[in-house]
There are 2 protein chains.
Amino acid sequence: MASQARQRLLDAAVQQALESGIADLSLRELAAAIGTSHRMLIYHFGSREGLLVAVAQAVETTQRSLVFGPGSPTSDKDVRAFWKRISSPKLWPQERLFFELYVHAVLDRPGTEGFLDNIVESWVTPIAAVAMEAGADERTARADARLSVAVVRGLILDLLATGDRKGVTAAFDRYLRQVRIAASAGTGLRDG
Amino acid sequence: MASQARQRLLDAAVQQALESGIADLSLRELAAAIGTSHRMLIYHFGSREGLLVAVAQAVETTQRSLVFGPGSPTSDKDVRAFWKRISSPKLWPQERLFFELYVHAVLDRPGTEGFLDNIVESWVTPIAAVAMEAGADERTARADARLSVAVVRGLILDLLATGDRKGVTAAFDRYLRQVRIAASAGTGLRDG
DNA sequence: TCGGTACCGTACCAGTCGGTACATGTACCG
DNA sequence: CGGTACATGTACCGACTGGTACGGTACCGA
């Protein structure tokens, strides 16, 4: 399937979306940038919406593959490497596009159905699994994981707006510090 | 100034934007919904972009007034009340629109110039001020404040996608717990 | 009464959009 | 050779867009 030609068009479309977003992505402009006619985009994707669906899926797949590269990160060092990777300016276009699609989906715009389906869950589950291996109960582990996803996404949002990687990383380090302290002190404390 | 008529149109425009966003907000549709002609929107705002600027400013003002209502929240109780307020479904449209504008601005779309200017700073400063009153040094206080902004925004993003207020609130509570533990244990620890 | 100013609607413009009709080319299969 | 499926381009369509020209109405100060 996916007929080479279609894949080529899709890659180019994603590339274009990474540069200028999807909101004002017109078939004609895109086709001109690729070097074909908008007719072909309709042919291969059925409609503009079909193209958006394909782009959204591609972005979501990439984003999902970002969660964790090799193995389960348990040490601070692994987590810091993870942060360093996803906060790299090279990934900013990818993340900008991710958030644009996110907002589109939240606003129920056509072409992003299903985009939100596991957008939190697919990160929470593997992260919580790591904590549960260390003996945490499921409810707590999942809440903590959900928090960490929010931290990462919130800080990336900050990063995209300010570009201040150093300051944002400092905030991330504060988070790691808190987690570490709470973990070492936590077993002896009641929580609310 | 702002000539009543203009204000009326602006209010209606914001209302419309709260419902369906700004991306496909056309002057004609909006005018029809308000009960006037798109000519009047051009008349009062100069252009579509001028209207977007006005809407963005209105949203930013509202959002900024959201930070803290009365006084400086220091106790967990205050912070929890704050969270309860901003996570209320009644505010979801406001927050959806905020994030849509945020993304638009990140993508450098016209009409949102300056929207990002203090989008992190204006939250960080007052929050850090509270911590500094309690004796924290500025750098640490600001990093912690920046983290808390990311937590709130990241969790709101989660909330908008999943609608799971309970689960998201549980994650927020975990954050508060961490902060509390780290604060009580923190003075005696070195950080990295 | 006159001139100006604020406000508003109708009608129009040129441009762009997504989508379609139709013709064409090409390559493989019988 | 014919047929058939895929791929592609050109030319077009109706709809919608932001913006403008123009004309009108109502008020206000001179």
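Just so we're on the same page: letters track the sequence lines, and every chain starts at 1.
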- Counterpart base for C/dG30, defined by Watson-Crick or G-U wobble contacts under 3.5 Å: D/dC1

- Message: Categorize B/Arg39 for me: base, sugar-phosphate, or nothing, with a 4.0 angstrom heavy-atom threshold over every strand shown.
- Response: base

- So what does A/Ser26 hit on the nucleic acid, given a heavy-atom distance under 4.0 Å: a base, only sugar-phosphate, or nothing? sugar-phosphate

- Smallest heavy-atom separation, A/Ile86 atom then A/Glu95 atom, equals O-OE2, 2.8 Å

- Scan every strand shown for a Watson-Crick or G-U wobble partner of D/dA30, both distances under 3.5 Å, and answer none if you come up empty. C/dT1

- Task: Please state how far atom CG in A/Leu30 lies from atom C1' in C/dG18, giving the value in whole angstrom units.
- Result: 13 Å

- Message: Distance check needed: D/dT17 P versus B/Leu27 CG, whole Å only.
- Response: 9 Å

- Give a yes/no answer on whether the side chain of A/His44 brings an N or O atom under 4.0 Å of OP1 or OP2 in D/dC6. no

- Query: Taking everything shown except A/Glu121 itself, do over 12 heavy atoms lie less than 6.0 Å from its CD?
  - Reply: yes

- Message: With a 4.0 Å cut-off on N to O distance, would you call B/Glu100 and A/Arg109 a salt bridge?
- Response: yes

- Does a side-chain N or O from B/Ser37 land closer than 4.0 Å to OP1 or OP2 of C/dT10, or not? no

- Query: Can you check the A/Glu49 CD to C/dC17 P distance for me, whole Å?
  - Reply: 18 Å

- Roughly, in whole Å, what's the span from CD1 in B/Ile22 to P in D/dG18? 13 Å

- Task: Indicate yes or no: does A/Asp108 engage B/Arg96 in a salt bridge with an N to O separation below 4.0 Å.
- Result: no

- Message: Whether B/Asp173 and B/Arg80 form a salt bridge (side-chain N of Lys/Arg under 4.0 Å from carboxylate O of Asp/Glu) is what I want to check.
- Response: yes

- Would you say a side-chain N or O of A/Tyr43 is under 4.0 Å from OP1 or OP2 of D/dA7? yes

- Task: Quick one: label B/His38 by what it contacts on the DNA or RNA (base, sugar-phosphate, nothing), any heavy atom closer than 4.0 Å.
- Result: base

- Query: What's the CZ-C1' distance between B/Arg28 and C/dG9, to the nearest Å?
  - Reply: 13 Å

- Task: Could you tell me the separation between the CE atom of B/Met40 and the P atom of C/dT10, rounded to a whole number of Å?
- Result: 12 Å

- Reckon B/Glu29 touches a base, only the sugar-phosphate, or nothing at all at heavy-atom distances under 4.0 Å? sugar-phosphate

- Query: What's the CD-C1' distance between B/Gln7 and C/dC7, to the nearest Å?
  - Reply: 17 Å

- Query: Closest to the B/Arg48 side chain: C/dC7, D/dT8, D/dG19?
  - Reply: D/dG19

- Message: Using whole Å, what does the distance between atom P of nucleotide D/dG19 and atom CD1 of B/Ile42 come to?
- Response: 4 Å

